[in-house]
Amino acid sequence: MYQYDTFDNDFVRERVAQFRGQVARRLSGALTEEEFKPLRLKNGVYLQLHAYMLRVAVPYGVLSTQQLRQLALIADRYDRGYGHITTRQNMQFNWPALQDIPDVLDLLADVGMHCIQTSGNCIRNVTADPLAGVAADEVADPRPVAELIRQWSSLHPEFDFLPRKFKLAVTGAVADRAALAAHDVGVQVVRHPQTGALGYRVLVGGGLGRTPILAQELRQFLPQDDLLAYLEAILRVYNLAGRRDNKYKARIKILVQETGIEAFSERVEAEFQRADRSLLAQTASDLAVIAARFRLPSLAPAPETCPEVAGLAASHRDFAAWIETNVTAHRQQGYAAVTVSLKPVGGIPGDITADQMRALADLADQYSAGEVRFTHLQNVVLPHVRRDALVRLWQGLVVLGLAAGNAGLITDIVSCPGLDYCALATARSIPVAQAISRRFADPVRQREIGPLAIKISGCINACGHHHLGAIGILGLEKSGAESYQLTIGGDASETPRLGTLLGPGIPQALVPDAVEALVAVYLAQRRAGETFGVTFGRLGLAPFRTAYLGLLQQGVSHAAA
Amino acid sequence: MPLLDHTGLIPDRFTRADLATLSAVEAPLVPWLQVRDAVAVRRPNQALGVAIPNTVAATDVAPLLPHLALIAIDFPSFADGRGFSLAHHLRRDGFQGRLRAVGPVIADQFAYARACGFDEVEPTDAVLARQPVEVWMAALAAISHTYQPGFTARGASILERRRASQSQVGAAA
Amino acid sequence: MSVRSHGPDLPVILLANELGTGAVVLATATGWSHDVTAALVADTAPAAASLVQRGQDATAANQVVDAGLVPVRLGADGTVQPLRLRDQIRLVGPSIPFGVAMAQHDGGSHVSV
């Protein structure tokens, strides 16, 4: 992972000192809440229903075991012994005191971490493919690019008071494991088809929330050296022209939609042409310097096939399931990337206790070259595991209660914190996730159903990415009661698709039944090898809607009876 | 109205005026809609300033730049960062006079404003009452490290300094 | 910063978050408390207006943030229960066991070994 140099360290320390001063001025009243709010948001400090919340940046989801242990220490000392992994690869603490946060920021700075720009109308954490640097299908490791973008976007003097938040994601492969289509700007590392030179495909204008829109291609090929100048051009056009009259129309996706992609592209190109490119055109050189500061593990040769693994898989159903779902090929033979599921049956998606963090850090030191990843599906990845260590790793995870073999399956649910925590929420999401998880707990049944992404948001802001779920669930409030709308057919991959609404909202108690009804249609009608999304694409909405509305009718008559 | 630059509180040599009153003041600061006429009618070496809303395009101001000693850009709220890009455009277009940010700007934006090309800030009385000039100076000093080239002295950004130290290492090797 | 008022629904209490800690507090007859049994219940419009003023004063004094009136029902035994789910959760915390309690509670995940 990236090693801070003295520049990076000094930068973060300065920012901590600045925030310490800002907190002091807030507590004394020199800053009003209205003035302080954008400043604290830019250091990741939210006010939730019953406490502040602190969002720690985990750049492109990568962290060292030292960093993970520090998060555990912070959870114990300043919070209630746990943290939460978000759909943008960050970690959230739900109970810190404002007056303690400067001390927490110092502890984070001690291990090269911070909370800079994890909220507010500024450029947010740059996320990436959780298999970056590990997947065999990559053109190039996108993490140095993500790191360069992170640095370039940190306290950018011109772009810290944007019309709204701005989210970037980076991938290094054609397969999109970072949901580029849902981002304000998506950057895909590509090779020029003729020259073979490395460059970028740039997407713009994606975003979920009240008006979900998929990103469009802005530039098919951008030379490497033009990256920062081009990003500045996009941000400058957005900063000047993005709407500031209506919070729900202020993202760049609305600007692109209202301008049209052609006209928007012309504006960006005009701005780009006038940029002082000589200043920013050293990107390839900057990248090389940053890439050199990535500590890549030296992985000793290891055997690809392991009799021990095959043996246990043959005799032990849960281990076999885990091998099938949670173990992914690594670009180096004999190794694998392992998904540690934070979705135990009936658990809270993405939550992890301090004890679990420390234990996971120990396992990562022993089995994953000291490196850990947070994923936007709210799980953890151990990226460099020898195949001949898989059995021992799994046994270690079993002891921790983190061995669920459900990666990508129906109980691998993505859920925002919802009304149990969040001041923006209109309904609870966690109990819904728990109920669905319990309903589908049977591992045999889960494997029969196969991959099925359920995503739950507790309000229209869509932090649970429900629009991209194969089944999406949106919690709203209707006449003082929680009411849930279901969508179907979403896809977060390089063939992105927004889910389609099934019908009127239903009460919380009916949601697991509704999911059962949709799954039943799929199981009854799927052809061999079809995943849920493919079957939906073939059948269309009708049979699913019929099943859903039928359930509604039953639910109504049960309530009336 | 108070006026600050990196040295602290400074006197304002400009006076808000319009076409009718500009001849009576040393250095008039006129509204945007009157500036073209003001250029025509002012005294030969009279310093002229214009107050522009942050929705004006830099290209519309460009023809006037040689005639202006001051451009004051309005910040309707501290959350509205358009002025930072507008200032950047004006500097890029070659404006060498004074750039002023006017409005409820807060001390924590002072360093950003200077990085984008502003020389001075005219905050509201209410803000200055809560954040006196010492707070503004301290806020300016609080951030000395900038990643981005083009927003600090040439060569002084972290990206440039890191590149430079790397090539020294390369040269020494 | 203005305090949210809540229209004619009565009775109400006043909830806020302590500025320094973020903890939820309620206005009592004499000050602020974390204990809902000490909450000052306003059942007339002037009493509610007085609570609103208390919230504004405490906000201006940098003691609290996000102060607002919360409609409640009074139980026979004098207990105070917010009407809205959101306010109930704000008062007592998340509706599910969380953190260490969740990990111990263990929603039923059993991996057979």
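Per chain, numbering begins at 1; letters A, B, ... match sequence-line order. If you're wondering where the values come from, they're calculated on a predicted model, not measured in any experiment.
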**Student:** Which bit of A:L47 comes within less than 4.5 Å of chain C, counting heavy atoms only: side chain, backbone, both or neither?
**Tutor:** side chain
**Student:** Is A:P96 close to chain C through its backbone or its side chain, or both, or neither, when contacts mean heavy atoms under 4.5 Å?
**Tutor:** backbone
**Student:** Where does C:Q63 contact chain A at under 4.5 Å (heavy atoms): side chain, backbone, both or neither?
**Tutor:** neither
**Student:** Taking side chain as everything from C-beta outward and backbone as N, CA, C, O, which of these in A:I430 sits under 4.5 Å from a heavy atom of chain C? Side chain, backbone, both or neither.
**Tutor:** side chain
**Student:** Parallel under 30°, tilted from 30 to 60°, perpendicular over 60°: which one fits the rings of C:F98 and A:Y421?
**Tutor:** perpendicular
**Student:** Among A:Q434, A:R80, A:R428, A:E482, who wins on heavy-atom pairs under 4.5 Å with chain C?
**Tutor:** A:R428
**Student:** Are the side chain of C:R90 and the backbone N or O of A:H50 linked by a donor-acceptor pair below 3.5 Å?
**Tutor:** no
**Student:** Which residue out of A:L98, A:D79, A:V23, A:T32 racks up the most heavy-atom pairs below 4.5 Å with chain C?
**Tutor:** A:L98
**Student:** Looking at C:I96, C:V92, C:V24, which makes the most heavy-atom pairs under 4.5 Å with chain A?
**Tutor:** C:I96
**Student:** Heavy-atom distance under 4.5 Å between the side chains of A:L49 and C:R86, does that happen here?
**Tutor:** yes
**Student:** Heavy-atom distances under 4.5 Å only: say whether A:T411 touches chain C with side chain, backbone, both or neither.
**Tutor:** neither
**Student:** Mind running side-chain contact (heavy atoms from CB on, under 4.5 Å) on C:V65 and A:Y52 for me, showing each step along the way?
**Tutor:** CA-CA 11 Å; C:V65 285; A:Y52 287 100; 4.2 Å; yes
**Student:** Need one label for A:Q395: side chain, backbone, both or neither, based on atoms under 4.5 Å from any heavy atom in chain C.
**Tutor:** neither
**Student:** Between A:A423 and chain C, with a heavy-atom cut-off of 4.5 Å, which part of the residue counts as in contact: side chain, backbone, both or neither?
**Tutor:** both
**Student:** Using non-hydrogen atoms only, which part of A:W95 is less than 4.5 Å away from chain C: side chain, backbone, both, or neither?
**Tutor:** side chain
**Student:** A:R26 and C:L19: side-chain contact (heavy atoms from CB on, under 4.5 Å), yes or no, with the steps?
**Tutor:** CA-CA 9 Å; A:R26 174 67 191 101; C:L19 173 62; 3.8 Å; yes
